[in-house]
Number of protein chains: 2
Amino acid sequence: MTDTAPSRNRRPLTLRDVSEASGVSEMTVSRVLRNRGDVSQTTRERVLEAAKDLGYVPNKIAGALASQRVNLVAVIIPSLSNMVFPEVMTGINEVLDETPLQPVVGVTNYKPEREEKVLYEMLSWRPSGVIIAGLEHSDASKAMLKAAGIPVVEIMDTDGQAIDACVGISHRRAGRKMANAILKAGYRNIGFLGTKMPLDHRARKRFEGFTEALAKEGIEIVDREFYEGGSALAKGREMTEAMLKRTPEIDFLYYSNDMIGAGGLLYCLDQGISVPGQIGLAGFNGVELLDGLPRQLATMDACRAEIGRAAARIIAERSAEDGAIGGGERIELTPKIQPGDTLRRR
Amino acid sequence: MTDTAPSRNRRPLTLRDVSEASGVSEMTVSRVLRNRGDVSQTTRERVLEAAKDLGYVPNKIAGALASQRVNLVAVIIPSLSNMVFPEVMTGINEVLDETPLQPVVGVTNYKPEREEKVLYEMLSWRPSGVIIAGLEHSDASKAMLKAAGIPVVEIMDTDGQAIDACVGISHRRAGRKMANAILKAGYRNIGFLGTKMPLDHRARKRFEGFTEALAKEGIEIVDREFYEGGSALAKGREMTEAMLKRTPEIDFLYYSNDMIGAGGLLYCLDQGISVPGQIGLAGFNGVELLDGLPRQLATMDACRAEIGRAAARIIAERSAEDGAIGGGERIELTPKIQPGDTLRRR
DNA sequence: CTGAAAGCGCTAACAC
DNA sequence: GTGTTAGCGCTTTCAG
């Protein structure tokens with residue numbers, strides 16, 4: 001803090017510093033640093049060396065203001081601790097890495113008011129595009145997205161009205177598909193276990209599609225249970241135990257995600273319940289994380305990485321064609337059932 | 001795309017638009033929107049209404065350039081799919097939510113050259129501070145961090161020389177501690193299972209501390225195995241099987257993370273191996289995710305959330321006192337052993 | 001191939 | 001309380 005204090009509050013270097021150090025005009029320095037326009041080999045080298053010597057880092061704020069171009073893509077998702085969104089991010093990164101675009105993520109914790117705030121904050125940096133999870137947003141959020149004048153891709157879900165482009169799966173259809181597979185396998189006394197989150201619209205839609213398809217065959221869920229908080233694995237265990245004790249005639253358990261499903265599976269194995277003979281089980285998501293359990297849980301791949309890739313591609317393409325908006329692309333992917341070892345085969 | 005095409009390439013609204021719409025000077029509009037300085041109640045309302053009507057979103061780029069202030073904190077981490085970094089993020093968010101600061105995350109995938117690129121990219125937005133995982137960085141990265149003139153907090157690890165501030169645990173000490181606990185429990189034929197990643201310095205340091213403490217008691221690891229890629233749970237199973245077949249005298253398996261440890265645990269239970277009697281097991285990280293397994297794996301809490309909180313606090317404090325740099329705070333947290341059910345008690 | 005001038009949209013620092 | 005004047009550090013545009 002005294003004699004050897006690190007240079008504090010040092011003025012950051014500017015183009016002008018590089019210009020003076022290299023004896024080349026600011027403009028030419030700028031051209032060299034951006035690889036724009038023709039610059040002679042000699043000046044180029046001189047500039048590069050000066051910049052490196054000084055440790056110059058360009059100021060993107062100024063650059064963005066001057067060029068009216070910001071190579072940022074806002075990515076707005078509900079959660080990171082979910083295992084599903086990191087995979088979406090991977091897909092997004094994969095595509096954006098090939099472009100000048102950079103993702104910036106914001107997390108909403110499934111709260112509309114947080115989404116609104118995060119969105120406002122991100123839009124105020126004037127990104128080149130927005131990738132946002134879900135089709136349900138507050139009116140204010142929708143208004144902002146429409147007014148932003150940049151490409152908007154809503155991801156994960158296709159059941160509803162998109163603002164602009166949209167990439168995802170139909171969760172309603174996914175629920176129906178699983179219901180039909182379960183019925184076809186001969187199960188009839190079905191219990192449902194899910195999260196309490198009323199704002200997880202995709203889980204809700206899966207549930208709706210599920211019950212709807214059962215209803216079509218004149219079947220109703222015999223029991224249901226919802227949880228919140230805590231370790232999903234442990235919760236899956238507890239809920240399964242509670243439900244099986246309460247409703248012993250159950251022969252199938254449908255879980256709204258793989259983690260609680262895995263908990264249930266472990267419980268059943270512990271109890272010596274025969275799976276999938278006595279009881280069948282299924283989850284949702286296809287999380288690779290769980291490969292390695294004693295049995296492979298039946299599940300459905302949510303196409304996470306592909307959703308990320310497709311969304312990023314849309315932004316990248318439109319951004320290349322000068323930020324055209326309103327393309328309205330709609331990509332519905334088709335999740336496949338992975339029967340694993342917990343869904344009886346007929 | 002034709003008649004009802006959404007307004008494309010609309011010029012974004014500026015302060016001037018709000019100024020004109022409300023009949024108040026740009027400066028006053030700016031004051032209202034930032035809650036700065038005294039503005040009469042009437043004009044304030046008039047401005048707010050105009051801004052809302054128009055759907056004005058301030059341009060932070062221009063604001064940041066003019067004020068030389070950017071309320072962004074760069075957070076640079078190796079991975080998101082790890083379960084450990086999301087928890088660090090949670091801690092960071094918790095603290096920054098109370099401040100005007102906003103985290104922006106960059107992911108390096110454990111690659112120094114990517115770290116360099118991500119860092120450069122982020123620094124070029126002139127953030128108020130940097131939180132970066134690890135103490136090992138390329139020379140260029142170190143130079144950038146030193147030259148940036150902003151608070152830098154290196155997190156997760158304290159074994160080494162920090163650039164500025166530092167918050168974490170000593171992984172070497174953590175490794176030693178676990179080794180001593182294992183020896184004290186009476187195990188002598190110890191195998192190690194870890195990741196192949198040579199760039200995961202923290203795993204490496206744990207391993208070093210571990211073998212060092214064993215050596216002090218004249219003991220050497222009897223076998224070791226490293227993996228890469230794939231589902232950690234499945235890999236843990238496979239590696240464990242391979243090692244136990246190869247080296248049947250083993251009585252303890254130390255895993256470099258909880259996921260492979262859990263795989264090993266499941267394998268042992270499958271095989272009817274008595275845990276922790278016949279074989280003891282331990283992992284590292286204390287991932288809550290795994291609560292709910294048939295047995296609780298012995299592990300060590302890495303203090304992830306607290307690390308995030310402490311790091312964010314340092315940035316927030318220094319940022320409040322005008323971005324002072326070189327504070328050099330050093331916070332070493334002490335991870336505790338959670339013996340769970342897989343470490344014999346004496 | 002290189003340079004000079006004029007902003008980008010906002011805010012700091014003053015006047016009034 | 002409110003308005004005016006200069007920039008912030010870069011890039012665009014146009015002239016050489």
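Below, read A as the first sequence line, B as the second, and so on, with proteins coming before strands; counting in each chain starts at 1. Reckoned from all heavy atoms, side chains included, excluding hydrogens, waters and symmetry mates.
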Among the candidates [options], find the nucleotide nearest to the side-chain atoms of [X].
X: B:Ser25; options: D:dG3, D:dC8, C:dA12; value: D:dG3
X: B:Arg34; options: D:dC10, C:dG9, C:dA12; value: C:dA12
X: A:Arg31; options: C:dC8, D:dT12, C:dG3; value: C:dG3
X: A:Ser67; options: C:dC1, D:dT2, D:dT11; value: D:dT11
X: A:Gln68; options: D:dT13, C:dC8, D:dC8; value: C:dC8
X: B:Ala66; options: C:dT11, D:dT11, D:dT2; value: C:dT11

Separation of [X] atom [atom1] from [N] atom [atom2], in whole Å?
X: A:Arg126; N: D:dC10; atom1: CZ; atom2: P; result: 21 Å
X: A:Arg46; N: C:dT2; atom1: CZ; atom2: C1'; result: 12 Å
X: A:Leu33; N: D:dT11; atom1: CG; atom2: P; result: 8 Å
X: A:Glu26; N: C:dA5; atom1: CD; atom2: C1'; result: 12 Å
X: A:Asn71; N: D:dT11; atom1: CG; atom2: P; result: 12 Å
X: A:Lys60; N: C:dC8; atom1: NZ; atom2: C1'; result: 17 Å
X: A:Leu15; N: D:dC10; atom1: CG; atom2: C1'; result: 6 Å
X: B:Arg16; N: D:dG3; atom1: CZ; atom2: C1'; result: 14 Å

Phosphate oxygens OP1/OP2 of [N]: is one of them under 4.0 Å from a side-chain N or O of [X]?
X: A:Arg69; N: C:dC8; result: no
X: A:Ser40; N: C:dT2; result: yes
X: B:Thr28; N: D:dT2; result: no
X: B:Tyr56; N: C:dC10; result: yes

**OP:** Measure the shortest side-chain to side-chain distance between B:Ser128 and B:Leu101 over non-hydrogen atoms and say whether it is less than 4.5 angstrom.
**Re:** yes
With a 4.0 Å cut-off on N to O distance, would you call [X] and [Y] a salt bridge?
X: B:Glu49; Y: B:Lys52; result: no
X: A:Glu121; Y: A:Arg114; result: no
X: A:Lys117; Y: B:Asp97; result: no

Original post:
Taking atom CZ of B:Arg16 as the centre, does the number of heavy atoms from other residues, nucleotides or ligands within less than 6.0 Å exceed 12?
Top reply: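 Counting other residues, nucleotides and ligands, CZ of B:Arg16 stays at 12 neighbours or fewer.
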Subject >> 5′-ward residue of the pair B:Ile61/B:Met27 relative to DNA chain C >> reply: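 The answer here is B:Ile61.
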**OP:** Check every strand shown and say whether B:Asn59 touches a base, only sugar-phosphate, or nothing at a heavy-atom separation below 4.0 Å.
**Re:**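 B:Asn59: backbone/sugar contact only, no base atoms under 4.0 Å.
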